[in-house]
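Here the structure comes first, spelled out in structure tokens, and everything after it is commentary.
Along the sequence shown, residues are numbered consecutively beginning with 1.
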Amino acid sequence: MAKYEDVAKMIGERIRTARKALGLTQTELANRMNESTGRIISEWEHARCSPSGPKLLRLTQALGVTPNYLYNLDAEGRGLSLAESHVIEQYRDLDSDGLRAVNAVLGVEHERCTRQIIENAPPQFPTRKIRYIPHSVSAGLGAALQDEQQELIEVPLTRESVRADFVLRVAGNSMEPEFHDGDLLLVQQSATVEPGQLGIFGLDGEGYFKKLGQGELLSLNPAYRPISLEGRGEVHVFGRVLGALPPLSA
């Protein structure tokens with residue numbers, strides 16, 4: 001298990017790398033975060049301490065990255081901090097009653113903290129930067145899902161956008177009336193999607209935005225038939241769809 005000093009050093013190096021990629025000085029990055037000086041950035045980059053809470057959110061927004069980038073997390077959750085690993089170990093020892101109690105409190109507190117972050121966002125920073133993959137994901141007959149070209153765009157700070165890892169554009173009308181051609185999907189990166197949830201799926205080299213059913217991908221538009229997954233080979237899950245934004249203005 002990694003030591004705290006090693007985790008702090010890794011986070012500091014990743015902050016420095018992302019800052020320099022944007023051509024920012026420590027002071028300029030601090031200004032983006034509404035901090036008075038660049039001293040806190042220097043403290044983080046030299047691993048004297050690590051960002052947390054609202055400062056962590058403002059930092060990732062200013063850099064256009066997710067907390068996963070700073071903590072080097074992959075889809076399996078490897079690379080967790082010491083504190084996170086300890087919480088997970090305790091969570092796994094709980095019985096069914098304990099799990100219900102913890103999950104209930106966790107849901108309430110997550111909602112409260114997310115609401116406070118949005119409500120307390122300074123007027124000069126009501127948005128966050130997020131990865132935008134400028135290729136369409138089909139809500140119709142299927143389109144190639146590619147992510148070679150990516151850029152950062154600013155999106156409104158909402159409960160959904162706080163948790164999203166990247167944005168994709170909808171192509172087609174099979175998810176109407178809730179989602180429309182050209183809408184921007186807020187996607188939380190995940191290797192799994194539960195039945196009944198909306199997700200981004202890869203099937204036979206095509207990318208799809210659909211609702212997961214029992215052994216099939218479903219459209220919200222009744223004019224479209226379900227896509228059966230039986231005999232179709234491996235299905236890749238790229239993430240859960242949290243919501244959508246209107247198309248980018250020209």
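- To the nearest 0.5 angstrom, Gln61 atom CD is 9.0 Å from Met33 atom CE.
- Here the CD-CE distance, from Glu13 to Met10, works out to 9.0 Å after rounding to the nearest 0.5 Å.
- Atom CG of Leu245 is separated from atom CD of Glu160 by 8.5 Å, given to the nearest 0.5 angstrom.
- Ionic pairing of Glu28 and Arg19 is not present here: no N-O contact between side-chain nitrogen and carboxylate oxygen is shorter than 4.0 angstrom.
- Without hydrogens or angle criteria, Asp95 side chain to Gly98 main chain gives a donor-acceptor distance under 3.5 Å.
- Between Glu216 and Lys210 there is no salt bridge, since no side-chain N of the basic residue sits under 4.0 Å from a carboxylate O of the acidic one.
- Once rounded to the nearest 0.5 Å, the distance linking CZ of Arg163 with CG of Leu186 reads 10.0 Å.
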Query raised in the report: What do the steps show when you test Asn173 against Asp181 for side chain to side chain contact (heavy atoms under 4.5 Å, CB included), and what is the final call?
Result: CA-CA 6 Å; Asn173 64 354; Asp181 182 63; 5.7 Å; no
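- The backbone N or O of Glu45 sits less than 3.5 Å from a side-chain atom of Arg16, completing a donor-acceptor pair.
- Qualifying ring pair (Phe, Tyr, Trp, His ring centres under 6.0 Å) partners for Phe166, counting only residues two or more places apart in sequence or in other chains: none.
- No donor-acceptor pair closer than 3.5 Å links the side chain of Asn103 to the backbone N or O of Arg100.
- Not a single donor-acceptor pair under 3.5 Å links the side chain of Arg169 to the backbone N or O of Gly182.
- Using a 4.5 Å heavy-atom threshold, the side chains of Leu185 and Phe179 count as touching.
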Report task. Could you walk me through whether Gln188 and Arg240 pass the side-chain hydrogen bond (donor to acceptor under 3.5 Å, both in side chains) test, one step at a time? Result -> CA-CA 5 Å; Gln188 183 180 54; Arg240 289 187 290 269; 3.0 Å; yes
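- The CG atom of Leu229 lies 10.5 Å from the CD atom of Gln214; values are rounded to the nearest 0.5 Å.
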